[in-house]
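The structure appears below as structure tokens.
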Amino acid sequence: MKATIFQGSGKIEVQEVPDPVIQKPDDAIVKVTYCCICGSDLWPYRGLEPRDAGSRIGHEFMGIVEAVGEDVKNVKPGDLVVAPFVISDGTCPVCRAGETRFCRNFMFWGSKGNDAGQGEKVRVPMANGTLFAIPKDKLDEHMMRALLPLSDVLCTGHHAAVCGEVKEGSTVAVVGDGAVGLCAVAASKRLGASRIFLISTHKDRAAIGKKFGATDIIEARGDEAISQVKLKTNTLGVDCALECVGTPESWQIAFGVVRIGGNIGMVGVPHNVPDIAISKLFSTNIGVKGSGSPAAHYIPELMPDVLSGKLDVSAIFTKTIPLSDIAQGYKDMDERKEIKVLVKP
Ligand SMILES: [Zn+2]
């Protein structure tokens, strides 16, 4: 079978690798039908995050179960499944508290000898906690593209909204117009936000944001973006700022647009972001919460809305390529030519 191998910054190769086999009783083997490239795959690609050369890469995939070990009970061969971006058991106290990202036995795709999603097949450890069956009736190509984001970006955008405490009638500002930010717009709308500002200076991304529920596009950066949001909220700022980037600049906007007593939901992996002083929170009553998303916890809640068509973020996929072209897909996303690239092995 073929799989994508990370060979160092800027170097992505498709190589022939051995077919996976069941190694443990709770393993499953999945034949990948759709996978994609994540913004976070670009950090090691850009040399900004360490990753072993020669490691498999990719953590967003769905496919058909080919084989299961004897302890796998929740999926069976032939099932269509989606996997979250973190491998989790679903049974430890942390998972049972809903925090599957921090499972006591968590593993990442492509680390510690694990397969990864950008390939033809994947061995899935702890399959009972890590695979979610999708009812197969009435699924067309469009629905597949709407379901795949459950593996990461849709659950991550939802997590931003949950951590930012978006609820019926909330005013929201989404910082970040990448796939996660756009999903945070859709998730905020689903949770009942009455007004959603999307800070975006890219017309194509802003157009998708509007389709997903953004009511106002703030076509500005930095202090100018902050003053425009303030101006449009009677100088108050928004109830919820959703930080979906993780840079000092995006954090400056998040703190700048959130109102006194509001909340910041953060899902952008922080890179060189200065620490927040507790005294700053005390003097503003602003809440800050967030992490990598517990996608396995959210999938059962979000999947029915995807299947009903109520939650459709398939428009984040701006290009579809075969696995053999994946190096070009990384390049296109790195150069921001595409929002998100879908790969069909
Ligand atoms: Zn766990």
Side-chain angles (χ1 to χ4, degrees), residues 35-46 48-49 57-60 85 118 145-146 148-161 163-164 166 172-189 196-214 216-222 225 240-254 257 264-273 290-293 295 311-320 329-343:
C35 59
C36 49
I37 303 170
C38 183
S40 63
D41 294 331
L42 296 178
W43 288 99
Y45 183 79
R46 289 169 176 158
L48 299 172
E49 198 175 273
I57 190 164
H59 55 260
E60 299 170 297
F85 66 95
Q118 292 161 5
R145 299 165 79 91
L148 180 58
L150 285 170
S151 63
D152 183 349
V153 287
L154 180 51
C155 290
T156 299
H158 177 68
H159 190 52
C163 290
V166 176
V172 178
V174 175
V175 186
D177 62 0
V180 170
L182 295 171
C183 288
V185 170
S188 297
K189 186 184 179 198
I196 304 170
F197 296 90
L198 173 62
I199 292 146
S200 174
T201 53
H202 302 91
K203 287 216 165 8
D204 53 336
R205 292 165 190 250
I208 295 171
K210 278 202 145 175
K211 190 175 160 180
F212 288 0
D216 299 70
I217 302 297
I218 302 298
E219 228 184 310
R221 299 169 197 268
C240 323
L242 309 187
E243 202 296 308
C244 304
V245 185
T247 60
E249 295 76 22
S250 60
W251 270 99
Q252 189 218 341
I253 296 177
V257 297
I264 299 176
M266 60 167 168
V267 293
V269 181
H271 287 88
N272 304 315
V273 177
S291 66
S293 171
L311 188 58
D312 180 359
V313 295
S314 57
I316 56 172
F317 295 113
T318 50
K319 189 177 190 180
T320 302
Y330 271 79
K331 197 160 178 287
D332 290 345
M333 278 182 62
D334 181 39
E335 292 168 0
R336 291 180 72 95
K337 283 185 191 158
E338 306 295 340
I339 297 175
K340 199 166 179 68
V341 173
L342 184 102
V343 181

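Applying the side-chain contact (heavy atoms from CB on, under 4.5 Å) rule to Ala179 yields the partners Val153, Ile316, Ile339, Lys340; only residues at least two apart in sequence or on another chain are considered. Shown here are the ring pair (Phe, Tyr, Trp, His ring centres under 6.0 Å) partners of Phe212, two or more places apart in sequence or in another chain: there are none. Looking at residues two or more places apart in sequence or on another chain, you find a side-chain contact (heavy atoms from CB on, under 4.5 Å) between Glu249 and Thr247. Contacts of His59 classified as ring pair (Phe, Tyr, Trp, His ring centres under 6.0 Å), with partners at least two apart in sequence or in another chain: none. For Lys337, the side-chain contact (heavy atoms from CB on, under 4.5 Å) test picks out Asp332, Glu335, with sequence neighbours left out. Residues satisfying the salt bridge (Lys or Arg N to Asp or Glu O under 4.0 Å) criterion with Asp204, sequence neighbours excluded, are absent altogether. Every residue meeting the side-chain contact (heavy atoms from CB on, under 4.5 Å) condition with Ala146, not counting sequence neighbours, appears here in chain and number order: Met143, Val306, Asp312, Ser314. Listed by chain and number, the residues in a salt bridge (Lys or Arg N to Asp or Glu O under 4.0 Å) with Arg221 amount to none (sequence neighbours excluded). Under the ring pair (Phe, Tyr, Trp, His ring centres under 6.0 Å) criterion, Phe197 pairs with no residue, sequence neighbours left out. Checked against side chain to side chain donor-acceptor pair (under 3.5 Å), Ser188 has no partners two or more places apart in sequence or in another chain. For His271, there are no side chain to side chain donor-acceptor pair (under 3.5 Å) partners, not counting sequence neighbours. Here Glu219 pairs with Lys203 under the side chain to side chain donor-acceptor pair (under 3.5 Å) rule; sequence neighbours left out.
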Hey, mind stepping through Ser291 and His159 against side chain to side chain contact (heavy atoms under 4.5 Å, CB included) and telling me if it holds? CA-CA 8 Å; Ser291 66; His159 190 52; 3.0 Å; yes
Determine whether Tyr330 and Ile57 satisfy the following criterion, side chain to side chain contact (heavy atoms under 4.5 Å, CB included), listing intermediate values before the conclusion. CA-CA 12 Å; Tyr330 271 79; Ile57 190 164; 3.5 Å; yes
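You'll find the side chain of Phe317 stays beyond 4.5 Å of the side chain of Glu338, heavy atoms only. Using a 4.5 Å cut-off on side-chain heavy atoms (C-beta onward), Val343 and Cys35 make contact.
Side-chain atoms of Glu60 never come within 3.5 Å of backbone atoms of Phe85 as a donor-acceptor pair (strictly under, hydrogens ignored). In this structure a side-chain-to-backbone donor-acceptor pair under 3.5 Å is missing from Ser200 to Arg205. Side-chain atoms of Arg46 come within 3.5 Å of backbone atoms of Asp334 as a donor-acceptor pair (strictly under, hydrogens ignored). Side-chain atoms of Glu243 come within 3.5 Å of backbone atoms of Val245 as a donor-acceptor pair (strictly under, hydrogens ignored).
Looking at Leu182, Ile218, Val185, Ile199 one by one, the single match for side chain to side chain contact (heavy atoms under 4.5 Å, CB included) with Val174 turns out to be Val185. Considering Ile217, Asp216, Ile196, Leu198 as possible partners of Lys210, the one that fulfils the side chain to side chain contact (heavy atoms under 4.5 Å, CB included) test is Ile217.
Atom CG of residue Leu154 and atom CG of residue Leu148 lie 10.5 Å apart, to the nearest 0.5 angstrom. To the nearest 0.5 angstrom, Leu42 atom CG is 7.5 Å from Ile37 atom CD1.
Atom NZ of Lys319 has more than 12 neighbouring heavy atoms from other residues, nucleotides or ligands inside a 6.0 Å radius.
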